[in-house]
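Numbers restart at 1 for each chain; the letters A, B, ... are given by sequence-line order, proteins then strands. Because only heavy atoms are used, hydrogens play no part in the values below, and waters and symmetry mates are left out as well, while side chains stay in. Computed from a prediction, not measured in an experiment: that's the story for all the values here.
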Amino acid sequence: MKNNSNHSLREEDQPKKESALSSLDSRFSQTLRNVQGLLKGRTIPGKVLLTRRSDPLDDSNLQEHSPSYHRSFSSNDAGTSDRVDKPEEVDNASKPNSTAGVNKLKSSTSNIEDTPKEVQRSTMGARATDSARLMKFSKFLSETTVILEKLRELAWSGIPPYMRPNVWRLLLGYAPPNSDRREGVLRRKRLEYLDCVSQYYDIPDTERSDDEINMLRQISVDCPRTVPDVTFFQQVQVQKSLERVLYTWAIRHPASGYVQGINDLVTPFLVVFLSEYLEGSVENWSISDLSQDKITNVEADCYWCLSKLLDGMQDHYTFAQPGIQRLVFKLKELVRRIDEPVSRHMEEQGLEFLQFAFRWFNCLLIREIPFHLVTRLWDTYLAEGDALPDFLVYIFTSFLLTWSEELQKLDFQELVMFLQHLPTQNWTDQELEMVLSRAYMWHSMFNSSPSHLAS
Amino acid sequence: MGAYRTEDDYDYLFKVVLIGDSGVGKSNLLSRFTRNEFSLESKSTIGVEFATRSIQVDDKVVKAQIWDTAGQERYRAITSAYYRGAVGALLVYDVTRHVTFENVGRWLKELRDHTDANIVIMLVGNKADLRHLRAISTEDAKAFAERENTFFMETSALESLNVENAFTEVLTQIYRVVSRKALEVGDDPSALPKGQTINVGSKDDVSALKKVGCCSV
């Protein structure tokens with residue numbers, strides 16, 4: 001299992017056929033060289049792991065089939081993108097300039113870089129990107145006042161990647177549904193974020209309390225180890241952006257402050273909002289290609305969306321994290337209702353749900369599935385809106401029971417270790433869609449007859 | 001699954017906790033000891049994680065069940081639940097970051113509030129490979145450990161320096177306490193129920209056994 005998830009240094013160094021891949025290789029080699037620089041003159045025993053989990057490029061099978069998928073997908077893109085998102089045209093218009101540096105890279109590599117992901121998406125892509133759905137998305141988004149309920153329903157099953165930034169902003173209530181007001185509101189919110197940063201972050205430590213210094217220290221310890229298996233997040237500027245967003249959020253939410261794991265929660269936003277400016281695979285992005293203005297806009301969007309998301313889960317991160325404890329309890333109950341044998345086995349082994357599910361709720365499953373699947377999962381999260389915390393219980397039940405049979409064969413220690421290192425490294429959208437569909441089904445079943453859940 | 005199958009044949013099962021500030025290298029100490037692996041890209045630990053390894057002490061197989069805890073203070077409400085039943089602890093600080101050493105006292109209090117008085121504690125100064133960045137001298141840490149009556153070692157999870165020694169020493173000391181206690185009550189230690197975490201009891205004075213280790217760098 002471990003070998004599937006972690007590519008050792010040696011495996012990463014294997015030569016790749018496509019020349020276009022060399023840019024990725026060179027980026028990785030650079031990381032490697034940096035690391036080697038750090039370790040210069042030292043001998044390191046045992047196995048040193050420098051990994052990129054679930055690198056789609058490593059799957060050569062997918063590449064062989066990818067171009068056709070890619071073409072059909074991008075022609076869809078081109079066909080509809082002009083009709084939607086009028087407010088964003090300013091940004092779109094400036095895109096070619098801002099990303100001039102990457103454009104060259106893009107044209108030569110995007111086919112290869114993009115395609116494995118698109119193929120992996122293809123099972124759900126059939127739904128998320130079929131033309132009828134695209135038409136609906138375009139139609140809903142172009143209304144003078146977006147009807148959020150309709151958008152939620154549509155977004156639940158996945159949002160086409162290029163529409164995702166706008167749809168997420170709307171679903172979270174950050175961008176107003178009224179298109180006339182939208183641009184103005186976003187501009188004001190982004191300025192407000194900038195103000196917060198200069199007021200709270202860009203000040204000398206002498207103006208901070210001891211608690212604030214501790215919090216900033218904790219954040220700066222965690223930023224470099226946020227999604228460390230995706231090289232993009234190793235860029236210092238990316239980590240600095242994360243730090244500003246997190247610290248500003250923490251200062252403005254003193255009831256919880258910064259809690260480890262909230263750093264993970266910013267990353268889907270960061271990747272999605274950056275995708276408005278940077279194209280191709282996340283692995284190939286370079287944040288230094290962006291102007292400071294754009295970086296600030298992205299940061300501001302991350303900040304406000306994180307705030308909106310966590311507003312609905314405030315007590316998940318306050319002292320002793322009662323919100324999470326409550327949901328873990330509900331998870332245990334629901335699992336007992338749905339799969340009595342697994343539930344009994346876990347109980348007999350003395351396994352507590354808190355021992356594995358705490359992290360699931362704390363990081364919303366980001367730690368448990370490959371990063372390239374996270375944004376699709378979040379489409380459903382954000383579509384759920386206020387109902388998300390309760391629906392998480394259904395998603396996580398469905399996720400856990402993916403391994404119903406395996407779990408029943410394991411003893412206590414094996415259970416803990418299995419559940420903390422779930423074999424999802426090779427997951428595609430297909431497995432994720434299965435988890436979500438089952439969650440939906442159970443939710444309709446049990447929610448319409450609450451007595452099922454009464455013990 | 002095979003990778004996680006654990007050897008079932010053991011004489012003693014000891015629960016050990018890894019505690020200390022965030023980013024001092026607890027998770028890498030654990031992976032070095034249990035899998036001989038070190039990751040340059042480890043993520044922060046959320047809540048608790050877990051691994052096991054068996055070692056031989058005298059003619060007995062001692063299995064360590066090691067709980068790795070999150071370092072952030074916020075998590076202590078959650079993680080302190082895992083101290084229950086622990087008979088050993090590695091309290092880790094980072095030799096390059098003074099603040100992580102300053103907090104050792106609070107961690108000790110945390111441990112002593114939540115565990116048995118006879119728990120075997122080792123103070124561990126990790127990242128000893130970063131010699132040019134060292135912020136806490138070996139002497140200071142050793143003196144602190146003497147005052148607090150804990151064992152002490154400096155380690156490097158990266159270079160695999162003293163990691164084995166630190167864990168083995170803690171497990172061996174626990175074993176000594178347990179077998180001595182068993183002898184005193186006229187019991188054969190091997191007759192203790194298998195698979196049950198052993199409590200070192202509260203009547204014994206293990207402090208006599210404690211001395212500052214000599215294995216520092």
Exercise. Does Asp68(B) pair with Lys26(B) as a salt bridge, N-O distance under 4.0 Å?
Worked result: no
So, the part of Ser44(B) with a heavy atom under 4.5 Å from chain A: the answer is both
Please confirm whether the ring centroid of Phe371(A) lies under 6.0 Å from the ring centroid of Phe233(A).
yes
dist Leu410(A):CG -> Leu419(A):CG (nearest 0.5 Å) comes out at 8.0 Å
- Task: Indicate yes or no: does Glu243(A) engage Lys240(A) in a salt bridge with an N to O separation below 4.0 Å.
- Result: yes
- Item | Gln56(B), CD atom: more than 12 neighbouring heavy atoms under 6.0 Å | yes
Between the NZ atom in Lys15(B) and the OG1 atom in Thr52(B), the distance rounded to the nearest 0.5 Å is 14.0 Å
Note: vs chain B, highest number of non-hydrogen pairs under 4.5 angstrom among Val221(A), Asn263(A), Val259(A), Asp222(A) is Val259(A)
If one checks every heavy atom of Thr45(B) against chain A at 4.5 Å, the contacting part turns out to be backbone
If one checks every heavy atom of Gln260(A) against chain B at 4.5 Å, the contacting part turns out to be both
Applying a strict 4.5 Å limit to non-hydrogen atoms, the region of Arg97(B) in contact with chain A is side chain
Within 45° cone and under 6.0 Å: Arg74(B) NZ/CZ vs Tyr317(A) ring: no
Applying a strict 4.5 Å limit to non-hydrogen atoms, the region of Thr318(A) in contact with chain B is backbone
One option among Gly47(B), Gly23(B), Ala77(B), Ser22(B) has the most heavy-atom pairs under 4.5 Å with chain A, and it is Ser22(B)
#### Entry: Under 3.5 Å donor-acceptor, Lys43(B) side chain and Gly261(A) backbone
no
Scanning both residues in full, the closest heavy-atom pair of Ile119(B) with Ala86(B) reads CD1-O, 3.7 Å
Given Arg217(A), Gln325(A), Gln420(A), the one with more heavy-atom pairs under 4.5 angstrom with chain B than any other is Gln420(A)
Within residues 347-359 of chain A, the residues sitting under 4.5 Å from chain B by heavy atom, in sequence order, are Leu354(A), Gln355(A), Phe358(A), Arg359(A)
Worked check of ring-ring contact (aromatic ring centres under 6.0 Å, His included) between Trp427(A) and Phe399(A)
CA-CA 12 Å; Trp427(A) 269 29; Phe399(A) 184 64; 5.7 Å; yes
